[in-house]
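Atoms within each ligand, like the ligands themselves, are counted from 1 in listed order. Not measured: the values here are computed from a predicted model.
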Amino acid sequence: MTDSSDHTDIPREADAPRGEPRFKRVLLKISGEALMGDKAYGIDLETADRIALEVADAVNRGVEMCLVIGGGNIFRGLSAAAKGMERASADYMGMLATVMNALGMQNALENRDLETRVLSAIPMDTIAEPYIRRRAMRHMEKGRVVIFAGGTGNPFFTTDTAAALRAAEMGCDALLKGTQVDGVYDADPKTSPDAVRFDELDYLEVLSRDLRVMDASAVSLMRENDIPIVVFSIRDRGCLSRVLSGQGACTIIKNMPGEGGSK
Ligand code: UDP
């Protein structure tokens, strides 16, 4: 378990100024499953609206926001490949699923009066702008919420890696991973009641202990670019705002000199 002293300049609960977000520009990654709500498949519009409300709070506090949404609520390449489908084709179907989620989320955000743009890694001119890094930056500077669709545009990757890639390209201060649990635990909190949540972790510890917060490639990319990953629960009202204020339960994964990989 890590100690909770800060080794980098990320303010935690005690020293984060109230009202002032601790990150200026963030990428929020949510899985496709987070959009399902209690349904077994697809998009639950009420859940999408709830997440949109969280994003609207952040934007109204002056945070520049971009989003990557997974596709697992609709199609997962790996599962189809396991049943005999060619992996690359299955992955392209998975990437198309992320475009559907992006459009669903765009609609939810616009219902909350946010200006949005969907930029797709797979050119799809009639429904989304093509991904062009400088254009995406410009949108964000103008306060628009940018949704990156189509993953990385390449099979054999995941939307976690797409999120890390875009966070690095956009120069984000943090990658926020909204999940169903409020951080990273030393065991599965659903099955182990004694599981303990980490306040902070080093990237290398995540990799060496195989904690499966995100893909190894995504964690490595964040480590190389020194962008913290904040894992928090996206389920409760106000969750994103609390994380941005340095309040609320979460796990911060970052470079902690002297700690990486030693445990
Ligand atoms: N995918 C891909 N390349 C990418 C991103 C996604 O091939 O860069 C495919 C892959 O098949 C994956 C699917 O899209 O299973 C949905 O993404 P993911 O599983 O990451 O979604 P999540 O688990 O976050 O809902």
Side-chain angles (χ1 to χ4, degrees), residues 26-45 47-48 50-51 54-55 66-106 108 118-124 127-128 130-133 136 146-170 172 175-181 184 188 190 206 211-222 229-235 240 253:
V26 300
L27 186 143
L28 173 65
K29 161 77 209 294
I30 47 177
S31 68
E33 280 169 5
L35 281 186
M36 280 193 324
D38 295 329
K39 295 167 94 182
Y41 175 84
I43 305 173
D44 175 45
L45 294 181
T47 304
R50 202 175 45 70
I51 296 171
E54 298 296 319
V55 175
C66 53
L67 266 67
V68 167
I69 308 163
N73 55 326
I74 299 171
F75 197 88
R76 218 181 271 283
L78 210 53
S79 315
K83 290 178 190 148
M85 190 172 178
E86 188 216 356
R87 172 75 190 267
S89 297
D91 278 343
Y92 278 113
M93 289 175 71
M95 286 183 263
L96 293 177
T98 72
V99 179
M100 291 173 73
N101 282 337
L103 295 179
M105 200 61 220
Q106 178 178 43
V118 174
L119 271 59
S120 176
I122 300 171
M124 230 177 279
I127 53 170
Y131 172 70
I132 297 168
R133 189 181 72 89
V146 175
I147 308 172
F148 297 113
T152 63
N154 301 291
F156 302 100
F157 286 92
T158 66
T159 51
D160 276 356
T161 302
L165 176 64
R166 297 297 184 234
E169 286 185 281
M170 291 299 115
C172 288
L175 192 172
L176 308 185
K177 168 128 178 166
T179 70
Q180 303 301 307
V181 284
V184 185
D188 186 349
K190 286 182 193 142
V206 173
L211 290 171
R212 295 175 187 265
V213 188
M214 294 190 102
D215 296 342
S217 52
V219 175
S220 299
L221 198 55
M222 292 298 83
I229 303 169
V230 183
V231 183
F232 71 107
S233 165
I234 190 85
R235 295 171 72 105
L240 181 57
I253 303 163

Margin query: Looking at every non-hydrogen atom in both residues, tell me the closest pair between G42 and I74 and how far apart they are.
Written below: CA-CG1, 4.4 Å
Notebook entry, point to check: Please state which protein non-hydrogen atom is closest to atom 1 (N) of ligand 1 and give its distance, to 0.1 Å?
Noted result: F157 O, 3.4 Å
Next item on the list: Give the numbers and elements of all ligand 1 atoms closer than 4.0 Å to a heavy atom of G70.
Entry: 21 (O), 22 (P), 24 (O), 25 (O)
Next item on the list: Return a yes/no value for L78: is any of its N or O atoms, backbone included, closer than 3.5 angstrom to an N or O of ligand 1?
Entry: no
Next item on the list: Could you tell me the residue and atom name of the protein heavy atom closest to atom 5 (C) of ligand 1, and the distance to it rounded to 0.1 Å?
Entry: T158 C, 3.3 Å
Margin query: Under 3.5 Å between any N/O of K29 and any N/O of ligand 1: does that happen in this structure?
Written below: yes
Check: Counting only N and O atoms by type, is there a donor-acceptor contact under 3.5 Å from the side chain of D91 to the main-chain atoms of F157?
Finding: no
Notebook entry, point to check: Would you say G71 has any N or O atom under 3.5 Å from an N or O of ligand 1, going by distance alone?
Noted result: yes
Next item on the list: Below 4.0 angstrom from a heavy atom of T152, which ligand 1 atoms are there? Numbered from 1 as shown, please.
Entry: 4 (C), 8 (O)
Next item on the list: Please indicate whether any nitrogen or oxygen in D160 is less than 3.5 Å from any nitrogen or oxygen in ligand 1.
Entry: no
Notebook entry, point to check: Mind checking whether R76 has an N or O less than 3.5 Å away from an N or O of ligand 1?
Noted result: yes
Next item on the list: Identify, for atom 14 (O) of ligand 1, the protein heavy atom at the shortest distance, and state residue, atom and that distance.
Entry: G94 C, 3.1 Å
Checklist line | Exam field: side chain D160 to backbone T158, donor-acceptor pair closer than 3.5 Å | finding: no
Checklist line | Proximity to ligand 1 by part of F75, non-hydrogen separation under 4.0 Å | finding: backbone
Item checked: Closest approach of any protein heavy atom to atom 12 (C) of ligand 1, naming residue and atom -> G77 N, 4.0 Å
Margin query: Looking only at protein heavy atoms, which one is nearest to atom 11 (O) of ligand 1, and what is the separation?
Written below: D91 OD1, 2.5 Å
Note to self: Checking the N or O distance criterion of under 3.5 Å, is ligand 1 in contact with G32?
What the structure shows: yes
Margin query: If you define the side chain from C-beta out and look only at heavy atoms, does anything of M170 sit under 4.5 Å from R133?
Written below: yes
Check: Quick one: which ligand 1 atoms are inside 4.0 Å of a heavy atom on P155?
Finding: 7 (O)
Check: Between T179, N154, T159, D215, which one has a non-hydrogen atom sitting closest to atom 20 (O) of ligand 1?
Finding: T159
Notebook entry, point to check: Can you find an N/O atom of G72 closer than 3.5 Å to an N/O atom of ligand 1?
Noted result: yes
Notebook entry, point to check: Do any N/O atoms on S31 end up under 3.5 angstrom from N/O atoms on ligand 1?
Noted result: no
Check: With only distance considered, is A90 within less than 3.5 Å of ligand 1 through an N or O on each side?
Finding: no
